[in-house]
Amino acid sequence: MSPDSPPLVSPSLPPSPTPSSPGPSSSMPQQPSLPPTGEVMVLALGRRKQRMLITLSILPNLFLAFLLSSDPLLTLASPHHCHLLAPLVVNVSVPWERGGRPGEAGRPSQCQQYLNGSAVAVDCTAGWDYNVTEGLRKNIVTEWDLVCGRYWLVPVEEVCFILGVLTGCLGLGYAADRLGRSKALLTSLTLSVVFGVLVCVAPSPSVFIAMRFGLAAASAGVYLTLYLTRLELCEPSLRLLVTMLAGLLSVAGELLLLGVAVGCHSWRALLGVGAAIPGVFPESPRWLLLAGRSGDMSSFSERRNSSRDTRDDESFTELDSEPSGGNYLRLSFPELFHSRNIWKNICVLGFTSFISHGISHCYSSFRGDVRGHAPSFYWTYLLSVCAGGGAWLLLWATVDRCGRRGILLLSMTMTGLASLILLGLMDYLSETAITVFSALGLFSSQATASLCILFTAEIMPTVIRGTGVGAILALGCVGRLSSPLMDLRNHYGYFLHHVVYSSLALLAVLSILLLPESKRKSLPQTLADGEQYRRPPLGRRRRDNVPLLVTPNPET
């Protein structure tokens with residue numbers, strides 16, 4: 001290690017008394033030693049192996065985008081009209097519908113036709129003809145005619161998919177803490193392949209919805225366990241960079257998804273590509289140490305012993321002083337219940353995640369709700385994906401300089417301000433201004449959602465990190481449920497919907513001030529460590545004096 005590197009041993013832990021030292025301190029219970037920090041993990045793994053494992057944990061994000069981001073393509077409803085048995089003109093054989101909003105132009109009816117050339121309009125009797133100009137040539141809407149009277153199945157599918165992601169985040173996040181990251185990942189991968197195949201051969205909408213629920217849960221488990229393993233393999237200086245690269249690869253996967261959809265004929269082939277997620281990864285060293293799996297740590301021990309001859313590093317003594325018992329993972333309900341600081345952090349970040357995910361839909365559909373005509377699907381999709389990529393670049397450029405809490409506060413403030421401007425001045429804004437402020441709100445809300453996950457993973461102790469991050473992702477899914485529910489009601493009440501989220505966004509700005517700062521800090525390991533992760537004093541700048549933090553903020 002370089003002479004300028006900060007010490008790796010926490011200054012908050014008192015030195016262990018020697019057996020010969022008398023006094024009352026010898027009878028006091030000793031605090032458990034902290035498991036090794038991220039830097040010690042690098043020394044035990046080796047730089048080459050660490051980078052290889054991190055790279056392997058990033059690559060599956062390209063395939064996960066096909067499973068987690070394909071819902072807009074699968075449920076896109078193209079312009080349609082009743083299938084006409086006789087070669088008649090559509091405008092003559094199909095009745096004309098007025099616009100649903102003042103000033104909106106009318107169009108031929110999508111659900112009715114004239115009966116035998118008379119003036120009596122009836123529901124379509126021979127199916128529908130679709131004019132597919134965007135997205136997949138054949139999706140679940142066009143294959144099973146999920147339009148008109150059966151359109152309600154589309155929002156139901158979207159709701160079930162989001163509930164599947166929520167279930168996978170909670171269930172497999174808990175399994176990652178209790179069983180280990182590797183077992184949870186292998187279980188999720190296996191279920192993803194099984195449900196991916198079943199989805200591709202689904203013969204009816206009901207079977208598709210059920211299998212899609214299972215695929216969403218399994219895919220969410222893969223994403224979550226990869227996120228945890230990737231973060232726990234990094235030292236503090238690499239966490240943001242690695243997370244940003246994984247996020248940008250997900251953005252690249254979404255762009256590739258759109259390119260594949262343009263040239264793809266069927267949704268079954270599209271989902272079949274995403275179901276083949278590669279990747280088998282070893283267990284997280286941090287979890288192994290807390291679980292007391294000394295046998296599984298043999299490779300790290302050999303690496304440590306071989307490195308001692310060539311490197312004089314006192315940080316290796318942390319590996320020797322770590323107790324072999326796996327008592328850290330045996331958590332009781334009173335321990336969890338009395339961890340008030342951890343609960344406070346989860347509530348604040350969960351509330352922020354809920355707002356940021358729920359309000360994104362308001363920005364993407366604002367023009368259609370206000371003006372009555374939404375932009376093309378390609379424009380909306382590309383705007384959302386590019387906003388996500390720009391959000392990751394912004395986080396990479398600012399978060400390590402200004403801190404997690406400061407950028408989270410800034411992005412949530414921008415989200416609330418964009419909403420207030422759109423709602424208060426929507427009668428006076430031009431189309432260009434609406435587009436600019438909608439893009440700004442979409443950009444800031446996605447930055448907030450991404451930073452909430454990273455923030456949670458850094459301040460949650462290892463023993464409950466999977467459960468904590470899964471809870472934050474699940475609350476984000478609850479916010480996303482507003483999008484299909486609004487579609488089911490044909491976007492009636494969108495103004496009140498947006499006002500509620502804007503008000504809650506301003507409340508989230510105040511609650512973010514209660515969070516600690518995790519910039520360049522080692523990951524907490526036990527519940528006691530997580531309880532010491534507290535908000536720094538408001539009067540102090542650039543440093544916080546939390547005893548847990550073993551690598552203090554450098555004066556920048």
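Keep in mind that this is a model prediction, so the values were computed, not measured.
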With sequence neighbours excluded, residues passing ring pair (Phe, Tyr, Trp, His ring centres under 6.0 Å) with Y151 | none
Residues 152-160 side chain polar contacts: donor-acceptor under 3.5 Å, at least two apart:
| from | atom 1 | to | atom 2 | distance (Å) |
| --- | --- | --- | --- | --- |
| W152 | NE1 | G149 | O | 3.4 |
| E157 | OE2 | R212 | NE | 3.4 |
| E158 | OE2 | T75 | OG1 | 3.2 |

Does anything in residues 238-250 pair up under salt bridge (Lys or Arg N to Asp or Glu O under 4.0 Å), and if so which pairs, sequence neighbours excluded?
-> R239-E458
Sequence neighbours excluded, every pair satisfying side chain to side chain donor-acceptor pair (under 3.5 Å) that has a member inside residues 447-456 | S411-T448
With Y501 via ring pair (Phe, Tyr, Trp, His ring centres under 6.0 Å) - residues at least two apart = F354, H497
Side chain to side chain donor-acceptor pair (under 3.5 Å) contacts touching residues 415-425 (sequence neighbours left out) = Y363-S419, T415-S444, S419-H498, S419-S502
Please list, chain by chain and in numerical order, all residues satisfying side chain to side chain donor-acceptor pair (under 3.5 Å) with T352, sequence neighbours excluded.
-> none
Throw together a table of side-chain donor-acceptor distances under 3.5 angstrom for residues 248-259, partners on residues two or more places apart or in other chains.
| from | atom 1 | to | atom 2 | distance (Å) |
| --- | --- | --- | --- | --- |
| S250 | OG | N61 | ND2 | 3.2 |
| S250 | OG | A246 | O | 3.2 |
| E254 | OE2 | S69 | OG | 3.4 |

Which pairs with one or both residues in residues 382-398 pass salt bridge (Lys or Arg N to Asp or Glu O under 4.0 Å), sequence neighbours excluded?
-> none
Sorted by chain and number, sequence neighbours left out, disulfide bond (SG atoms under 2.5 Å apart) with C148 holds for C111
Which salt bridge (Lys or Arg N to Asp or Glu O under 4.0 Å) pairs, counting each pair once, include a residue from residues 255-275, with sequence neighbours left out?
-> E143-R268
Residue pairs passing the ring-ring contact (aromatic ring centres under 6.0 Å, His included) test where at least one lies in residues 380-423, sequence neighbours excluded | F377-Y381
